[in-house]
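Here the structure comes first, spelled out in structure tokens, and everything after it is commentary.
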Protein chains: 4
Amino acid sequence: MTQIDDAPRKASRIQRERQEQIFQAALDVFSTHGFRGASINQIAAQAGMSTPSLLYYFNDKQALYRAILRRTIELWLGPLHALNETSGDPVEEICAYIQRKIDMSRNFPRESRLFAAEILMGIPHAQDAVFEPLRDTFHIKISLIDRWVNAGRISQQDPHHLMYSIWATTQHYADFEAQIAGLSPNRLPTLWEDADAFLVPMYRKLLTPT
Amino acid sequence: MTQIDDAPRKASRIQRERQEQIFQAALDVFSTHGFRGASINQIAAQAGMSTPSLLYYFNDKQALYRAILRRTIELWLGPLHALNETSGDPVEEICAYIQRKIDMSRNFPRESRLFAAEILMGIPHAQDAVFEPLRDTFHIKISLIDRWVNAGRISQQDPHHLMYSIWATTQHYADFEAQIAGLSPNRLPTLWEDADAFLVPMYRKLLTPT
Amino acid sequence: MTQIDDAPRKASRIQRERQEQIFQAALDVFSTHGFRGASINQIAAQAGMSTPSLLYYFNDKQALYRAILRRTIELWLGPLHALNETSGDPVEEICAYIQRKIDMSRNFPRESRLFAAEILMGIPHAQDAVFEPLRDTFHIKISLIDRWVNAGRISQQDPHHLMYSIWATTQHYADFEAQIAGLSPNRLPTLWEDADAFLVPMYRKLLTPT
Amino acid sequence: MTQIDDAPRKASRIQRERQEQIFQAALDVFSTHGFRGASINQIAAQAGMSTPSLLYYFNDKQALYRAILRRTIELWLGPLHALNETSGDPVEEICAYIQRKIDMSRNFPRESRLFAAEILMGIPHAQDAVFEPLRDTFHIKISLIDRWVNAGRISQQDPHHLMYSIWATTQHYADFEAQIAGLSPNRLPTLWEDADAFLVPMYRKLLTPT
DNA sequence: CATGAATGAGCTTTCATTCAT
DNA sequence: CATGAATGAAAGCTCATTCAT
């Protein structure tokens, strides 16, 4: 097993508070500048501490970045984990998943952008941190959808396309917010609110078997 | 100052060739590192010239970046400009637009990512360069769709949501390619090919009036 | 004030053990990186304790360095102190001194290198620590040799040159070991063993009066 | 003196001047602090330029260090190269080599100390730069001495010991100058002058066959 | 006693940019 | 036109040291 050496040290209470300060600042800065564009000076300043203090908690820039990314991905996987067969209706199950994804984007737009930025730039810093927790869950859910398709319980769709299009649409309001703010400034808040009212029916219509 | 100082100088043939070299290199580097993460040294090296030579063509880093962005946006607007009433059927008109957007993403993934990166980071360097050419066209097309909706020629949808969801889905395979490559490595080429086969019917189903 | 503030504090048994740990680590690190190149972090790590713990025993980096140096010099003076008139023959007296110096270099190569490094760099940190204990003994022994020369009991030589050449040759295998290891790798151990067999006869031939 | 061209050489002439400035400063600083203890800031300041300017000529600290070291070693090898069979008498041939080594130490004490410091610390930065040019010449000369010994033209000595003791004694006045200055301050200049008067007869006596 | 926590100063290096040629 | 040369600013990171616990 490869040792996870970029996890924060064993934590006391003060340590955990400090780490949380750093996380918040790092989220801000990394999500708006990307890894290379962000500076740990800026993060430290925003976290209200000196740069060496920050580096006392995270050995270097990469370690901090990967720690945030790891945490973000775990958060991100929550809605996907909850996608299963507990409810009777696969269509509604997927619609509920979409709803949860939208809520997550609404509540954690910085995390969404951080993740998007990393992917956009080719995932150069965290191949394992990204895919290790993601891959298994992804394929399990893809299989689940595939079974639903084959059982005729949802319409005939490629599960990969379905999943990726859900991700694209549900994260779009977080990731491309600046564009929406520029193009539809007075609609921005209502669009955030409405997103589910648009997307959920769209996918319900798509998925409902004829 | 409304002086447009980041446009490249008037160019001879040789100059235009060198500018094109710079464009290609800059596209590569900016799209994979973002504005702050990219270095003009790296761009100059990749373009096969010295940094001062590069700066002879573009006054500074921002000017180069904005020039590329401007060019990218113009390219990007092509499919949207072509969305109009020439064909008789609005549903098919929009489907054709989706098809063109997908083709564009397929052919110009770096441009898509460059644009996405800029938006993701809050459009800090090019508010005007992005929105000046985009805004008018966007609103014209939104109005057009709105008229189609009001005339009952397409189903009742918020044109903003419709447009944004089209953008999200059609650009996703370019912008998030690294994720798809990691999660569905053996499906990657077919997904690129299939994208229209999934998306166009989805939107046709959504838009076709009942 | 002639306050000696870089001597270690009065010590319990446990304390003396920890000091010894520090000494050993510091000897390693200082002798291979010099004063400025060495870091007390590295020393503390190698001594198996935290840096503040190390600094509890030695007030600062200089104090630690000077303490080691002082100790080393005392060790170093042992062979020289034993150079006197107890044996009847001055030539053999000096040959015995040479033998003792060689043995010392063999047994304490790190100490030799530490000392050599300090001198090489101009003795910037420990003028007094080096010369205070050394000077008197040195001049006493120089006078002794001078008397031997004047009494015709050893050949006519400048005592200074004699002493320095003895120091140079007897310490060379310790101080320049890396060079010898590179140039005569398979001879290295035998050269260490042989050193006295070469040097003692050389000086005996030089010193025996005609 | 024999300057030939003008225009095309000009840039590299300036470059060589600048490099020489840097060399002199670097020699000073590296020889008195060792590699890790030296700072390129200090070197740049002493060379009268900014640190980035220095790094324009030498890509990084190591490159600068190795360049000086390489140059020093070439200088150092001069006297050894000249050790051969041209003069009829091997004893005098070796004595002449000793004389040349002493002269070199006298004229280039900083170079001697730089070299000594690198060896003292275990040659961590320049194994190849040190040994590549040194090894072959060393072994050729060792063989030469060995033949002289076997032919009975010099006394029976291990060539390795002989060579190392010559190196030790001839470089000692440069490398350990600070110690001599401290112990024999009023003798320092005369000792420098006398060194050959002491060492050459010593080795002549040692080497002359009985 | 021992260490977790903190930081100013300094390190090596890269960056965007200017200027003379 | 093109580049060698130069640099202030800022980057990531290490260092010796202090202090509270």
Mind calculating the distance between [atom1] ([X]) and [atom2] ([N]) to the nearest angstrom?
X	N	atom1	atom2	answer
C:Phe58	F:dT18	CZ	P	16 Å
C:Asp60	E:dA9	CG	C1'	16 Å
B:Gln62	E:dC15	CD	P	18 Å
D:Glu17	F:dA5	CD	C1'	14 Å
B:Leu64	E:dC15	CG	P	15 Å
D:Tyr65	E:dT12	OH	P	14 Å

Return the nearest nucleotide to the side chain of [X]; candidates are [options].
X	options	value
A:Arg18	F:dA6, E:dT7, F:dT7	E:dT7
A:Ser53	E:dT13, E:dT17, E:dT7	E:dT7
D:Ser50	E:dT18, F:dG8, F:dC19	F:dG8
B:Tyr56	E:dC19, F:dC1, E:dT7	F:dC1
A:Leu55	F:dC1, F:dT14, F:dT3	F:dT14

note = So, with a heavy-atom separation below 4.0 Å from DNA chain F, the residues of residues 35-45 of chain A are A:Ala38, A:Ser39, A:Ile40, A:Asn41
request  = Taking ring-ring contact (aromatic ring centres under 6.0 Å, His included) as the test, write out the residues that go with D:His125, two or more places apart.
outcome  = D:Phe35, D:Tyr65
With D:Tyr57 via ring-ring contact (aromatic ring centres under 6.0 Å, His included) - residues at least two apart = none
ask   = Does C:Glu20 have any salt bridge (Lys or Arg N to Asp or Glu O under 4.0 Å) partners at least two apart in sequence or in another chain, and if so, which?
value = C:Arg71
ask   = What pairs with B:Arg110 under salt bridge (Lys or Arg N to Asp or Glu O under 4.0 Å), at least two apart in sequence or on another chain?
value = B:Asp28
Side chain to side chain contact (heavy atoms under 4.5 Å, CB included) with [X]: which residues, sequence neighbours excluded?
X	answer
B:Ala38	B:Val29, B:Phe30, B:His33
D:Asp128	D:Arg66, D:Glu132
B:Ile14	B:Ser12
B:Thr32	none

task = Could you pick out which residue, B:Ile14 or C:Thr51, lies toward the 5' side of DNA chain F when each is mapped onto its nearest nucleotide?
result = B:Ile14
request  = Please tell me which of D:Tyr57 and A:Lys61 maps to the more 5' nucleotide of DNA chain F, matching each residue to the nucleotide holding its nearest heavy atom.
outcome  = D:Tyr57
query = Toward the 5' end of DNA chain E, which comes first, D:Asn59 or A:Leu54, by nearest nucleotide?
reply = A:Leu54
ask   = So which of residues 23-32 of chain D are in contact with DNA chain E, with a heavy-atom cut-off of under 4.0 Å?
value = none
request  = Please list, chain by chain and in numerical order, all residues satisfying side-chain hydrogen bond (donor to acceptor under 3.5 Å, both in side chains) with B:Ser112, sequence neighbours excluded.
outcome  = B:Asp175
request  = Assess whether side chain to side chain contact (heavy atoms under 4.5 Å, CB included) is satisfied between C:Arg18 and C:Met49, documenting all intermediate values.
outcome  = CA-CA 9 Å; C:Arg18 290 214 121 196; C:Met49 68 186 69; 4.0 Å; yes
inquiry  = Would the distance check show the side chain of A:Glu118 and the main-chain N or O of A:Leu114 forming a donor-acceptor pair, the cut-off being under 3.5 Å?
reply    = no
inquiry  = Given 3.5 Å as the limit, does a donor-acceptor pair link the side chain of D:Thr72 with the main chain of D:Ile68, or not?
reply    = yes
remark   = Base-paired stretches in DNA chain F with three or more consecutive Watson-Crick or G-U pairs, both distances under 3.5 Å, amount to E:2-21 with F:2-21
task = Give a yes/no answer on whether the side chain of A:Gln15 brings an N or O atom under 4.0 Å of OP1 or OP2 in E:dA5.
result = yes
